[in-house]
Every structure is written in C-alpha cells, then in structure tokens.
Amino acid sequence: MFDTLSERLRKTLGNLSGRGRVTEADVDAAMREIRLSLLEADVNFKVVKDFVANVREKAVGAEVLQSLNAGQQVVKIVNDELVALLGAGDRTFHLQGNPAVIALVGLQGSGKTTSAAKLAKYLVKQGRRPLLVAADPYRPAAADQLETLGRSLDVPVHRAPQGTPVVEIAKGGLDAARRLVRDTVILDTAGRLTIDEELMAEIAAVSDAVKPVETLLVVDAMTGQEAVAVAEAFKDAVPLTGLILTKIDGDARGGAALSISAVTGLAVKFMGTGEKTDALEVFHPDRLAGRILGMGDVMTLVERAQEHVDADQAAKMEDKLRKNQFTLEDFLEQIQAVQKMGPMGQLMGMIPGMGGMAKQAQEAVDRGELKRVEAIIRSMTPRERRDPGVINGSRRRRIAAGSGTGTSDVNRLIKQHAELQKMMKQLSGGGRRAALGAMTGRR
Ligand SMILES: Nc1nc2c(ncn2[C@@H]2O[C@H](COP(=O)(O)OP(=O)(O)OP(=O)(O)O)[C@@H](O)[C@H]2O)c(=O)[nH]1
Ligand SMILES: [Mg+2]
C-alpha cells in the first residue's frame with residue numbers, strides 16, 4: 001500500500017543523509033518534497049501541515065545542523081515524528097472480563113467477519129478460548145460465512161435464528177460462552193452501506209447490554225479519506241476503543257491509514273494484510289514507520305519466520321550452507337519455505353536496505369519466475385539436484401523441455417546456484433567482508 005510514498009520518502013531522505021553538511025535550505029527543500037509526497041499519498045492536509053512543521057522545528061535547531069551527522073539526525077526526526085503520527089491513542093488490547101467481550105463494528109464489506117476470524121486465530125495462539133458470535137440477524141449468509149471460518153479454525157460459532165433481535169443474539173452468545181467455557185467472545189455485527197441512525201442505535205444497544213471491553217471499528221484502508229470520515233461518525237455514536245485497519249495489502253495510496261489515528265485520536269490496534277486468517281498483525285507504529293522509510297522491519301520478519309519455518313529445519317539448512325552442501329534440492333525447499341512467510345514484496349520491504357527492491361522482487365514473483373525455478377529443479381533427477389556439475393548439453397535440453405523453459409533458463413539457474421555456493425564459501429572462510437560486499441553491491 002505504501003510503495004509509492006515509501007519510494008519518494010526514501011529518495012528524499014537518502015539525499016539528505018548522503019550529504020556531509022546540511023543547511024536550513026536543504027531541510028526546507030526536503031520538507032517540501034515530504035509535504036508533496038504525503039499529500040499525494042492522500043494524507044489529510046492538516047495532518048501533513050502539522051507533521052512538516054514539527055519536523056522542521058526540530059530539524060533546524062542549531063545543534064542538529066551543526067552536528068557532523070546532521071543528515072542522519074534529520075532522518076531520525078522524520079522517523080520519530082512518523083512513529084508519533086501512526087501511534088496516536090492508546091494501543092493496549094484489553095481482555096478483562098469473563099468472558100471478555102470484543103465487538104467488531106463497521107460498514108458493509110469493511111472486513112468485520114474476516115477480522116473476527118483472524119482475531120479468533122490470534123487469540124487461540126495467545127492461549128485463549130474464543131467464541132465467535134454471528135450478531136447479524138439479517139443475512140443468514142453472514143452467519144454461514146462465520147461458521148465456515150470458525151470450522152476451519154476449530155473455534156465454535158454461536159448463531160441464532162434469522163430475525164432474533166441483535167441484543168438477544170449477543171446475550172445468548174455470552175451464555176453460550178459460559179456454557180462452553182470460552183473466555184473471549186467476538187461479536188461480528190452487521191454492516192450497512194452507509195452510516196445510518198438505525199445501525200448506530202443497534203450497536204449502542206448491544207454495547208449497553210453486553211458491555212464489550214473492546215469495541216473495534218473495522219475500516220477498509222482502501223477507501224481513502226472516506227475511512228477517516230467513517231471513523232469520526234462512529235466515534236460520535238458508539239464508545240469505540242480502537243481500530244482494525246484492513247486491506248493494507250491493497251494498492252490504495254495509504255494516506256488514510258497514516259492519518260486516521262492522528263485525526264480521530266483512535267488507536268489502530270490491528271492491521272489486516274491479506275484475505276487469509278493468518279493475515280493479521282498487531283499494529284506497531286515503529287515497525288510500520290520503518291517499512292515506509294525503508295529502514296526495514298526485522299522484528300516482524302523474525303516473527304513470521306518463527307511462525308512458518310521449522311527451527312530444526314532452519315538449523316539444518318544453516319549447517320548445510322556453512323559446509324557448502326547446499327544443493328538445488330535445498331534451494332527448492334527454501335523457496336517454498338519463504339513463500340509461506342508471505343508475499344515476496346512484503347518480505348523484502350522488511351529487510352533493512354532492501355526496501356527499494358521490494359517492488360522488483362514482487363514483480364519477478366508475479367511474472368512467475370519462482371515458479372519457473374521450481375519447475376526447472378523439479379525436472380532434474382535427484383543426482384542432478386545434488387551435483388549440477390553432471391548436467392551436460394543433453395541433460396540440459398531434457399530439463400528445459402521437462403520444465404517448459406529454455407536451456408538458457410536452466411543455465412542461469414545453475415550459474416546462480418554456483419555463485420551462491422561460492423559466496424557461502426567466502427562467508428565461511430576468511431572472505432566474509434568481500435562476500436557481504438558482493439551481496440549488497442558495495443565494496
Ligand atoms: N486483501 C484483503 N482482503 C480483505 C482483508 N480483510 C477482508 N478482506 C476481504 O474483504 C471482503 C469483505 O470482507 P468481510 O469480512 O466479509 O466484510 P464484512 O465487514 O464482514 O462484510 P459485511 O458482513 O457484508 O458487512 C472479503 O472478500 C474479504 O476477503 C484484508 O486485510 N486484505
Ligand atoms: Mg460480515
């Protein structure tokens with residue numbers, strides 16, 4: 001979502017930190033760029049104005065400009081201000097009460113039902129026992145959708161006959177939770193196309209009846225500034241405790257996601273980053289700021305790896321790499337393991353210094369290049385995978401035909417693998433620095 005903004009900010013800040021001395025005029029030029037980048041990303045104009053003013057005030061102070069690393073200090077100020085902007089409001093996720101009641105509200109299609117399921121999965125991982133409640137008395141299909149999701153997660157779903165008043169469904173959900181010994185109730189409420197009095201009254205009544213400890217507004221980040229307006233309207237009518245921003249993986253400009261907390265004072269507590277039930281992230285403003293400014297987000301990357309990669313297997317791979325026994329078979333396994341961790345572009349954006357390559361990497365995946373690599377390796381015999389040295393002309397043609405590629409593709413893969421092995425040899429030997437230089441393109 002933040003690709004374009006991120007690219008522009010990175011360029012501006014790169015210019016700044018690459019400079020030996022920084023003058024007030026340099027800061028002003030950078031601020032003009034940042035202002036434009038934010039406005040073009042659809043960030044609320046008032047938020048942009050305050051942001052730029054804050055950064056400028058802190059940056060043009062004598063201590064900063066006269067210091068030896070002034071450029072980097074200004075970059076740090078931008079980063080800190082961005083973290084403050086993203087992190088407005090109280091982000092604590094409350095789970096008091098037995099059962100603890102969490103209500104999800106929002107417009108139609110914003111992602112309430114999907115987020116309810118994601119939240120259930122997240123809570124199970126935390127060792128809790130959630131119950132999902134289909135508090136939408138109007139569309140049986142809505143309860144069916146929740147039931148399907150609940151079944152796939154092995155989380156029970158409470159539903160009531162069509163037409164049951166929503167307050168009754170919510171109360172029934174609490175009873176069911178006590179009966180089934182569930183410690184958390186997640187209410188998935190009905191949405192409307194636009195904000196209307198009836199919807200607000202209904203949510204307020206549910207809120208009164210079951211006193212949720214969290215009432216989270218689910219907002220679709222793809223809808224731009226409209227999302228901010230929706231949040232303001234809901235805030236006036238129901239006691240909201242925070243936000244879930246969904247569809248952050250979309251290609252909207254992202255400004256709404258950046259300004260919504262600053263404008264409404266409501267904290268973003270979770271972020272939806274995909275359609276699957278594991279695509280939910282606890283919102284960390286510092287991590288998102290790092291991703292946007294191209295400083296990476298190693299914490300999230302490590303967490304994803306821990307979740308999806310088997311620790312024993314990872315250790316085995318590391319050992320093989322070190323002993324230079326990393327075969328094409330291992331290569332294939334790695335490609336598959338990494339893909340489980342998420343879209344390639346997202347992952348690259350989390351590696352410090354690699355943010356600039358995120359788009360290219362994603363495009364390569366979208367073009368099917370990983371699939372091509374997989375197909376080539378799959379067309380090899382086990383012997384060939386272990387020892388690509390045996391691949392002669394006729395084998396090469398067989399592999400190309402088998403994988404629907406050309407012999408030049410097969411060649412390229414074998415060469416890449418050989419280079420990787422060479423680099424690993426240098427890493428494990430004395431040439432660690434040279435190899436790192438080769439990897440990052442620096443010397
Ligand atoms: N890409 C992406 N899609 C999402 C995300 N969250 C939800 N969706 C999709 O958005 C659509 C609507 O999601 P729902 O969860 O059904 O929305 P809802 O708010 O429950 O909708 P109503 O019950 O009709 O009001 C579905 O196609 C979801 O797959 C997300 O974080 N990323
Ligand atoms: Mg729904």
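Indexing begins at 1, ligand by ligand and atom by atom, following the structure's order.
Other residues, nucleotides and ligands place more than 12 heavy atoms under 6.0 Å from the OH atom of Y138. Atom CZ of R372 has more than 12 heavy atoms from other residues, nucleotides or ligands within 6.0 Å. Around CG of D208, the count of heavy atoms belonging to other residues, nucleotides or ligands within 6.0 Å exceeds 12.
When each atom of ligand 1 is checked for a heavy atom of G191 under 4.0 Å away, the hits are 25 (O). Heavy-atom contacts of Q108 reach the following atoms of ligand 1: 24 (O), 25 (O) (cutoff under 4.0 Å). Those atoms of ligand 1 that come under 4.0 Å of a heavy atom in G272, given as number and element, are 31 (O). Of all atoms in ligand 1, listed by their number and element, those nearer than 4.0 Å to a heavy atom of T273 are 31 (O).
Between T113 and ligand 1, at least one pair of N/O atoms sits closer than 3.5 Å. Taking any N or O of A190, backbone or side chain, none lies under 3.5 Å from an N or O belonging to ligand 1. The shortest N or O to N or O distance between K112 and ligand 1 is below 3.5 Å. Inclusion of T246 in the set of residues having an N or O under 3.5 Å from an N or O of ligand 1 is not warranted.
The shortest separation from a heavy atom of G109 to ligand 1 is under 4.0 Å, placing the residue in contact. Put simply, part of S110 is less than 4.0 Å from ligand 1, judged by heavy atoms. The closest approach between M271 and ligand 1 stays at or above 4.0 Å for every heavy atom of the residue.
The distance from the Mg ion (ligand 2) to the nearest N/O/S atom of Q145 is not under 2.8 Å.
Between I292 and L288 there is a side-chain heavy-atom pair separated by less than 4.5 Å. Residues L132 and L149 fail the side-chain proximity criterion, which asks for heavy atoms closer than 4.5 Å.
When heavy-atom distances to ligand 1 are checked against a 4.0 Å cut-off, K118 comes that close only through its side chain, counted from C-beta outward. Contact annotation: for I248 versus ligand 1, there are no heavy atoms closer than 4.0 Å. Contacts with ligand 1 closer than 4.0 Å are made by heavy atoms of both the backbone and the side chain of T114.
Atoms CG and CE, on L36 and M31 in that order, are 12.5 Å from each other to the nearest 0.5 Å.
Closest to atom 16 (O) of ligand 1, if we only count protein heavy atoms, is Q145 NE2, 3.0 Å. Considering only non-hydrogen protein atoms, atom 11 (C) of ligand 1 sits nearest to K247 NZ, 4.1 Å.
Salt bridge absent: D28 and R32 never bring a charged side-chain N and a carboxylate O closer than 4.0 Å. Using a cutoff of 4.0 Å between basic side-chain nitrogens and carboxylate oxygens, D80 and K76 are scored as salt-bridged.
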Go through the steps for N411 and S408 under the test side chain to side chain donor-acceptor pair (under 3.5 Å), then give the verdict. CA-CA 5 Å; N411 270 338; S408 57; over 6 Å; no
